[in-house]
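Step one of this worksheet: look at the structure below.
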Amino acid sequence: MIRAVVFDVGECLVDETREYGTWADWLGVPRHTFAAMFGAVIAQGRDYRETFQAFRPGFDLAEQRAARAAAGQPEWFGEDDLYPDVRPALRELREAGLWLGIAGNQTVRAGGLLRELFSGDVDLIGTSDDWGASKPDPEFFVRVAEAVPFRPEEILYVGDRLDNDIRPAASAHMPTALVRRGPWATIQWQEPEARSVPTFRVESLTELAERIAKFNAEAR
């Protein structure tokens, strides 16, 4: 049975459209050009960070994050950047008695923003910077399993990426849910593994409570 639900952050809970737009502004390139290159990189199966290299060879993301912060333009997200189904889905899952967590590849700063937004709504907020392990490294999912008070088989991991979220979580023996939004899920949705690996494929997070209830009823 599924007893806990752990969510990825970017393009699962947080719509990153505005934030990637600010990166285009920082690089001094048109937003639509940056977005087109971003999509091309993902479609080719490359690391999204290669997008920055196309516009500024030698670009160091950590250094540039620090430079943005020093310039008073730090990476940031808030309530208005959450997908509209996030709050209703969390309420429904909590009302269903599920243990809830958030765990993704995020900086210490982003972890602070997540705690401001969600500390009253979930039982766990963990980031790759907190744990010293980043998806898709299996160690990240070891940390998730250690932090959640249930067996891996009872932890549903929800994400938007087959490569970073669904495949490695499934390898860690966790059931998974692939949510169709953002560039990765849109590009990967029709891939054979995107159809066969996830336990659930959903268009909205508000589908989860009902899908989990049905799954658990069938498991009894």
Side-chain angles (χ1 to χ4, degrees), residues 1-20 42 77-106 110-111 113-128 135 140-141 144 147-148 150 152-170 172 174-191 193-195 197-219:
M1 293 178 62
I2 293 170
R3 302 181 187 276
V5 183
V6 178
F7 294 90
D8 174 43
V9 180
E11 296 307 332
C12 182
L13 302 179
V14 177
D15 182 341
E16 297 179 308
T17 300
R18 183 191 56 76
E19 186 53 41
Y20 280 119
I42 294 170
F77 55 84
E79 187 71 31
D80 289 346
D81 296 298
L82 301 183
Y83 279 101
D85 59 357
V86 170
R87 296 293 185 192
L90 291 177
R91 285 194 299 270
E92 292 168 3
L93 293 167
R94 181 65 86 194
E95 288 170 1
L98 291 154
W99 193 98
L100 301 178
I102 296 171
N105 283 354
Q106 299 292 326
L113 296 174
L114 289 169
R115 290 178 179 91
E116 290 177 10
L117 288 167
F118 294 111
S119 286
D121 305 293
V122 300
D123 302 288
L124 165 73
I125 296 174
T127 72
S128 52
K135 296 181 294 183
F140 179 91
F141 293 93
V144 172
V148 178
F150 299 104
E153 294 84 357
E154 299 174 314
I155 304 167
L156 179 73
Y157 192 79
V158 184
D160 66 296
R161 293 180 61 172
L162 176 64
D163 52 337
N164 252 31
D165 302 324
I166 304 306
R167 190 186 296 132
M174 296 176 185
T176 60
L178 178 64
V179 59
R180 187 180 186 179
R181 59 184 173 214
W184 281 276
T186 300
I187 290 168
Q188 298 172 348
W189 192 252
Q190 300 300 335
E191 293 184 15
E193 276 190 291
R195 292 177 174 274
V197 176
T199 310
F200 309 131
R201 283 159 49 98
V202 298
E203 301 282 347
S204 168
L205 298 182
T206 54
E207 296 176 40
L208 290 173
E210 182 176 350
R211 298 288 294 274
I212 292 169
K214 182 179 179 181
F215 179 92
N216 286 347
E218 293 173 352

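Excluded from the calculations below are hydrogen atoms, water molecules and symmetry mates; all remaining heavy atoms, backbone and side chain alike, are included. Owing to the predicted nature of the structure, the values given are computational and were not obtained by experimental measurement.
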Inset, instruction - Apply salt bridge (Lys or Arg N to Asp or Glu O under 4.0 Å) to Glu16 and list each qualifying residue two or more places apart in sequence or on a separate chain. - result: none
Inset, instruction - Please check if atom CD in Glu153 has more than 12 non-hydrogen atoms from other residues, nucleotides or ligands closer than 6.0 Å. - result: yes
Inset, instruction - Starting at CG of Leu13, measure out to CG of Leu114 and round the result to the nearest 0.5 Å. - result: 8.0 Å
Inset, instruction - Starting at CD of Glu92, measure out to CG of Leu208 and round the result to the nearest 0.5 Å. - result: 9.0 Å
Legend entry - Pairwise distance CG(Leu100) to CZ(Arg94) - rounded to 0.5 angstrom: 4.5 Å
Legend entry - Beyond-backbone contact of Pro183 with Glu11, side-chain heavy atoms, under 4.5 angstrom: yes
Legend entry - Backbone of Arg161 reached by a side-chain donor or acceptor of Asp165 within 3.5 Å: yes
Legend entry - Donor-acceptor contact below 3.5 Å, side chain Asp8 vs main chain Val158: no
Inset, instruction - Apply the side chain to side chain contact (heavy atoms under 4.5 Å, CB included) test between Met174 and each candidate in Val144, Val6, Leu156; give the one that qualifies. - result: Val144
Legend entry - Contact check, side chains of Met1 and Phe215, non-hydrogen atoms, under 4.5 Å: no
Inset, instruction - Give a yes or no on whether the backbone of Val179 and the side-chain of Arg201 come within a donor-acceptor separation of less than 3.5 Å. - result: no
Inset, instruction - Return yes if a side-chain donor-acceptor contact under 3.5 Å exists between Gln188 and Asp160, otherwise no. - result: no
Legend entry - Residue pair Glu79, Leu117: steps toward the side chain to side chain contact (heavy atoms under 4.5 Å, CB included) verdict: CA-CA 7 Å; Glu79 187 71 31; Leu117 288 167; 3.6 Å; yes
Inset, instruction - Over all heavy atoms of both residues, which pair between Pro152 and Ala172 is shortest? Give the atoms and the distance, please. - result: CB-O, 3.5 Å
Inset, instruction - Examine the side chains of Thr206 and Asp85 and answer whether a donor and an acceptor come within less than 3.5 Å of each other. - result: no
Legend entry - SB check Asp80 Arg18 (cutoff 4.0 Å): no
Inset, instruction - Keeping the roles fixed (side chain from Thr176, backbone from Ala170), state whether a donor-acceptor pair exists under 3.5 Å. - result: no
Legend entry - Qualifying residue, where the test is side chain to side chain contact (heavy atoms under 4.5 Å, CB included) with Trp99 and the options are Leu93, Val5, Leu124: Leu124
Legend entry - For Phe140, all residues meeting ring-ring contact (aromatic ring centres under 6.0 Å, His included), sequence neighbours excluded: Trp131
Legend entry - Test: Arg181 cationic atom under 6.0 Å from Trp189 six-membered ring centre, within 45° of axis: no
Legend entry - Point-to-point distance, once rounded to the nearest 0.5 Å, from CD of Glu191 to CG of Asp163: 8.5 Å
Legend entry - Ring centres under 6.0 angstrom apart (Phe7, Tyr157): no
Inset, instruction - Without swapping roles, check the side chain of Thr127 against the backbone of Gly104 for a donor-acceptor pair under 3.5 Å. - result: no
Inset, instruction - For Leu178 and Pro198, work out which heavy atoms get closest and say how close. - result: CB-CG, 3.9 Å
Inset, instruction - Could you walk me through whether Thr199 and Arg211 pass side chain to side chain contact (heavy atoms under 4.5 Å, CB included), step by step? - result: CA-CA 10 Å; Thr199 310; Arg211 298 288 294 274; over 6 Å; no
Legend entry - Among Ile125, Leu113, Val9, side chain to side chain contact (heavy atoms under 4.5 Å, CB included) partner for Phe118: Ile125
Inset, instruction - Verify, without hydrogens or angle tests, whether Arg115 (side chain) and Gly111 (backbone) share a donor-acceptor contact under 3.5 angstrom. - result: yes
Inset, instruction - Look at the side chain of Asn216 and the backbone N and O of Ile2, then say whether any donor-acceptor pair between them is shorter than 3.5 Å. - result: yes
